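Ligands are counted one by one from 1 in listed order, and the atoms in each one are counted from 1 as well. Predicted model, so just to flag it, every value in this text is computed and none were measured.
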Amino acid sequence: MTKPILYHIPVCPFSQRVEILLALKGLRDSVDFRVVDITRPRDPALLAKTRGTTALPVLELADGRILKESLVLLRYFDELSQAMPVARQTPYERAVENMLIAMEGDFTSAGYRLVMNQDPARREDLASLMDGQYRKLDDFLTWHAPEGPYLFERFGLAECVFTPMFVRFWFLDHYEGHDIPAGLTRLRRWREACLAHPAAQQVSREEVVKLYYDYAWGAGNGALLPGRRLSSFVFEPHWRSRPWPPRGKLHPMGDAELGLFG
Ligand SMILES: COc1ccc(C(=O)/C=[SH]/C[C@H](NC(=O)CC[C@H](N)C(=O)O)C(=O)NCC(=O)O)cc1OC
């Protein structure tokens with residue numbers, strides 16, 4: 001039987017969400033993962049399938065129908081196979097889960113704006129906004145799940161949504177020296193449990209720090225920085241062969257210093 005195809009970027013957090021849920025449901029092998037190199041022009045055939053949008057992940061069903069948006073794909077796969085449901089099953093618990101998931105967009109944006117910031121004069125404000133997002137999450141968890149570590153008794157849909165962002169925000173520690181503010185113990189407990197879960201081990205801290213280097217200099221989604229020939233997002237040379245970039249944003253490194261020998 002032809003498997004559905006998930007077009008994805010290996011290190012993209014939105015793709016990782018889907019990988020985590022598929023791993024939780026034992027469906028990882030039921031999907032054909034097709035890697036897309038966003039540092040190169042998109043395949044016209046894929047662009048035609050997505051009607052011109054470029055954001056990944058994109059799911060192509062066996063009959064050619066196309067689905068997009070990671071949150072949609074999470075629920076699609078969770079509902080496709082009734083076994084081992086990941087989303088909560090009662091209206092109230094699903095509502096609480098959705099309230100937490102509704103907070104993810106602002107949380108993610110705050111983190112990416114902080115890591116991509118190039119204006120030292122704005123850093124304090126952006127760091128403060130990030131702190132505010134952490135406080136909102138800590139307050140929500142303290143309110144709805146004071147014991148934890150998860151929102152409910154197991155790693156669920158909200159954890160699928162947030163864990164890839166906790167993974168990416170290792171770049172905040174490395175390039176901005178920024179982390180969850182002291183005292184937010186409930187959020188730290190949640191993050192620690194999410195990061196340790198066996199279904200969420202697709203991307204390492206080393207991979208994030210090396211691949212997201214260009215984000216720290218304001219270039220996202222594979223965009224090229226001035227004077228550079230290769231994006232830090234390229235697949236080759238493999239990130240394992242590259243040196244660790246220094247912590248902080250002291251001076252921009254060139255391709256050679258980054259181990260990007262094209
Ligand atoms: C808030 O700023 C950011 C937040 C997250 C990401 C990210 O991880 C992209 S991951 C890769 C990105 N995918 C998405 O943004 C998907 C978002 C979509 N809403 C979903 O949930 O599936 C992509 O395909 N980019 C290639 C393209 O569009 O051609 C980047 C940000 O800025 C560059």
Taking atom 15 (O) of ligand 1 as the reference point, the nearest protein heavy atom with its distance: F14 CE1, 3.7 Å

Determine yes or no for a side-chain-to-main-chain donor-acceptor pair under 3.5 angstrom, with E97 supplying the side chain and R88 the backbone. yes

On the 0 to 90° scale, with breaks at 30° and 60°, tag the F171-Y212 ring pair as parallel, tilted or perpendicular. tilted

Does either side chain, that of S70 or that of R17, offer a donor lying less than 3.5 Å from an acceptor on the other one? yes

Side chain, backbone, both or neither: R42 near ligand 1, heavy atoms under 4.0 Å: side chain

If you count the atoms of ligand 1 from 1 in the order shown, which ones are under 4.0 Å from a heavy atom of I9? 11 (C), 23 (C), 24 (O)

Apply side chain to side chain contact (heavy atoms under 4.5 Å, CB included) to Q16 and R168, showing your working. CA-CA 11 Å; Q16 188 186 2; R168 293 327 168 279; 2.7 Å; yes

Can you confirm, on distance only, whether ligand 1 has an N/O atom lying under 3.5 Å from any N/O atom belonging to L56? yes

Can you establish whether the number of heavy atoms outside R205 located under 6.0 Å from its atom CZ is more than 12? yes

Do T108 and ligand 1 have an N or O pair less than 3.5 Å apart? no

Among R17, E69, K68, H8, which residue places a heavy atom closest to atom 20 (C) of ligand 1? E69

Ring centres under 6.0 Å, that's the criterion: do F107 and F162 meet it? yes

Atom CZ of R113: over 12 foreign heavy atoms under 6.0 Å: no

min-distance protein heavy atom vs atom 27 (C) of ligand 1 -> T54 OG1, 3.4 Å

Closest approach of any protein heavy atom to atom 21 (O) of ligand 1, naming residue and atom: S70 OG, 2.6 Å

Examine R28 relative to F33 and say whether NZ or CZ is less than 6.0 Å from the centre of the six-membered ring and inside a 45° cone about the ring axis. yes

Going by distance only, is there an N or O of Y112 that falls short of 3.5 Å from an N or O of ligand 1? yes

Under a heavy-atom criterion of less than 4.0 Å, does L71 contact ligand 1? no

Specify the protein heavy atom at minimum distance from atom 33 (C) of ligand 1: its residue, its atom name, and the distance to 0.1 Å. N221 ND2, 3.6 Å

List every atom of ligand 1 that sits less than 4.0 Å from any heavy atom of P57, numbering the atoms from 1 in the order shown and giving each element. 22 (O)

Need the ligand 1 atom indices (1-based, order shown) with element for anything under 4.0 Å from a heavy-atom of C12. 10 (S), 11 (C)

Backbone, side chain, both or neither: what part of L73 comes under 4.0 angstrom of ligand 1, heavy atoms only? neither

Pair E176 + K249: basic N to acidic O under 4.0 Å: yes

